[in-house]
Protein chains: 2
Amino acid sequence: MTVLFSKKCELAIQAVLFLSIKKEKLIYNAPAISKELKVPKEFVSKMLQTLTESGIIGSKKGKNGGFYLARKPSQIKLIEIVEAIDGYDVFKTCVLGFPDCGDENPCPVHDSWGNIRDETYHMLNNETLEQLKEKTLRKIISS
Amino acid sequence: MTVLFSKKCELAIQAVLFLSIKKEKLIYNAPAISKELKVPKEFVSKMLQTLTESGIIGSKKGKNGGFYLARKPSQIKLIEIVEAIDGYDVFKTCVLGFPDCGDENPCPVHDSWGNIRDETYHMLNNETLEQLKEKTLRKIISS
DNA sequence: GTCATATCAGATATTATTTTCCGATTATAA
DNA sequence: TTATAATCGGAAAATAATATCTGATATGAC
């Protein structure tokens with residue numbers, strides 16, 4: 001099981017982080033990204049299509065085509081990727097699964113979890129890819 | 001998708017919270033708990049078996065049998081239920097899905113997520129069912 | 001213009017999770 | 001002792017998530 005995001009969303013964040021440490025508009029195709037992230041290329045391909053639809057990355061068809069960041073790393077936040085793939089459900093759904101949990105009818109951990117959930121949102125909404133660059137470089141061997 | 005726990009685990013927490021506001025050793029059978037939590041009784045039944053194996057609740061077979069809290073609400077923490085059903089994977093797995101993420105080779109959000117994860121653990125480890133009783137009563141109509 | 005190489009779109013297959021079913025066993029009440 | 005009502009355990013079915021395949025379309029190189 002994944003922690004908070006779907007596999008597709010995890011992979012999307014990994015891929016965008018990977019692209020963010022490369023020279024601007026440098027194009028990588030699906031097989032290359034697949035190899036880098038050690039994930040099946042068909043799955044990577046599908047995920048990259050979704051990211052392209054939501055305008056986070058751009059694509060170029062045909063020979064020497066591939067994918068590239070649509071904006072500068074300083075203008076992309078992790079939360080955008082989460083929104084594009086998984087949506088905001090994680091930030092709305094009751095952590096204990098009570099169907100009618102809300103501020104008016106809170107579950108026993110509604111407030112405690114609310115704080116944690118807000119912090120998580122803050123984490124994803126605050127840092128841009130640019131700010132994560134150094135840490136990303138340390139994680140992924142860059143070229 | 002669920003937020004952090006499996007469906008079975010969410011249900012387990014709900015069920016134990018439900019039992020915690022009842023008189024000690026008062027027995028409820030699977031159909032009754034199923035009705036209360038509005039979840040299929042077979043699924044409730046399976047989950048209650050797992051909780052019984054791990055000693056959080058007790059069971060009584062035969063006519064007028066059912067399930068009851070094995071210990072006092074002041075001696076049961078939410079984290080025990082999570083451990084019994086889902087295990088500690090949520091607290092170990094990389095939130096971005098990097099297979100080799102750890103303190104030596106951290107992902108870009110390893111530290112930030114680490115704090116949030118620790119807070120979550122703290123939330124589940126700190127409060128006992130007894131302390132949640134009031135909030136639970138407000139959520140679940142008691143008898 | 002033709003060929004090679006890439007994305008794109010939709011369908012399909014596979015796997016994992018969740019849910020349901022069924023028979024066996026056990027305990028209680030009458 | 002017999003009928004009943006419950007848990008227990010394993011298997012099966014349904015559903016959801018993940019992964020793969022296939023053909024179509026677009027693009028650049030030659």
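Chain A is the first sequence line, chain B the second, and so forth, proteins listed ahead of strands; every chain is numbered from 1.
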| query | Are the side chain of Ser34(A) and the backbone of Ala30(A) linked by a donor-acceptor contact shorter than 3.5 Å? | reply | no
| note | Counted 5' to 3', the first and last nucleotides of DNA chain C within 4.0 Å (strictly under) of a heavy-atom of chain A are dT5(C) to dT17(C)
| request: Go through the steps to decide whether Leu96(A) and Leu17(B) satisfy the test side chain to side chain contact (heavy atoms under 4.5 Å, CB included), and finish with yes or no. | output: CA-CA 11 Å; Leu96(A) 299 187; Leu17(B) 283 170; 3.9 Å; yes
Show each protein N/O and nucleotides 15-23 of chain D N/O combination with a separation under 3.5 Å, one pair to a line.
residue : atom : partner : partner atom : Å
dT18(D) : OP1  : Lys7(A) : N            : 3.4

Side-chain donor-acceptor pairs under 3.5 Å in residues 78-86 of chain B, sequence neighbours left out?
residue  : atom : partner  : partner atom : Å
Glu80(B) : OE1  : Arg71(B) : NH1          : 3.1
Glu80(B) : OE1  : Arg71(B) : NH2          : 2.9
Glu80(B) : OE2  : Lys77(B) : N            : 2.9
Glu83(B) : OE1  : Tyr88(B) : OH           : 3.4
Asp86(B) : OD1  : Ser6(B)  : OG           : 2.6
Asp86(B) : OD2  : Ser6(B)  : N            : 2.9

| query | Within a reach of under 6.0 Å around NZ of Lys133(A), are more than 12 heavy atoms found that belong to other residues, nucleotides or ligands? | reply | yes
| said: Per the ring-ring contact (aromatic ring centres under 6.0 Å, His included) rule, what does the pair list look like for residues 33-82 of chain B, sequence neighbours excluded? | reply: none
| request: Enumerate the residue pairs fulfilling ring-ring contact (aromatic ring centres under 6.0 Å, His included) with a member in residues 107-128 of chain A, sequence neighbours excluded, ordered by first and then second residue. | output: Phe91(A)-Tyr121(A)
| message | Assess the residue pair Gln14(A) and Val44(A) against the criterion (side chain to side chain contact (heavy atoms under 4.5 Å, CB included)); give the C-alpha distance rounded to whole Å, side-chain angles, the decisive distance to 0.1 Å, and a yes or no. | response | CA-CA 10 Å; Gln14(A) 291 187 19; Val44(A) 168; over 6 Å; no
| note | When rounded to whole Å, the CD to P distance for the pair Gln49(A) and dA26(D) reads 14 Å
| Can you tell me how far the SG atom of Cys9(A) sits from the CE atom of Met1(B), to the nearest 0.5 Å? | 8.0 Å
| said: Is Ser59(B) close enough to dC8(D) that one of its side-chain N or O atoms is under 4.0 Å from OP1 or OP2 there? | reply: yes
Distances under 3.5 Å between protein N/O atoms and the N/O atoms of nucleotides 4-6 of chain D, please, pair by pair.
residue : atom : partner  : partner atom : Å
dA6(D)  : OP1  : Asn29(B) : ND2          : 3.0
dA6(D)  : O4'  : Gly62(B) : O            : 3.3

| query | Between Thr50(B) and Lys8(B), do the side chains contain an N or O donor and an N or O acceptor separated by less than 3.5 Å? | reply | yes
| side chain to side chain contact (heavy atoms under 4.5 Å, CB included) assessment of Thr2(A) paired with Lys7(A) | CA-CA 7 Å; Thr2(A) 56; Lys7(A) 278 257 176 251; 4.0 Å; yes
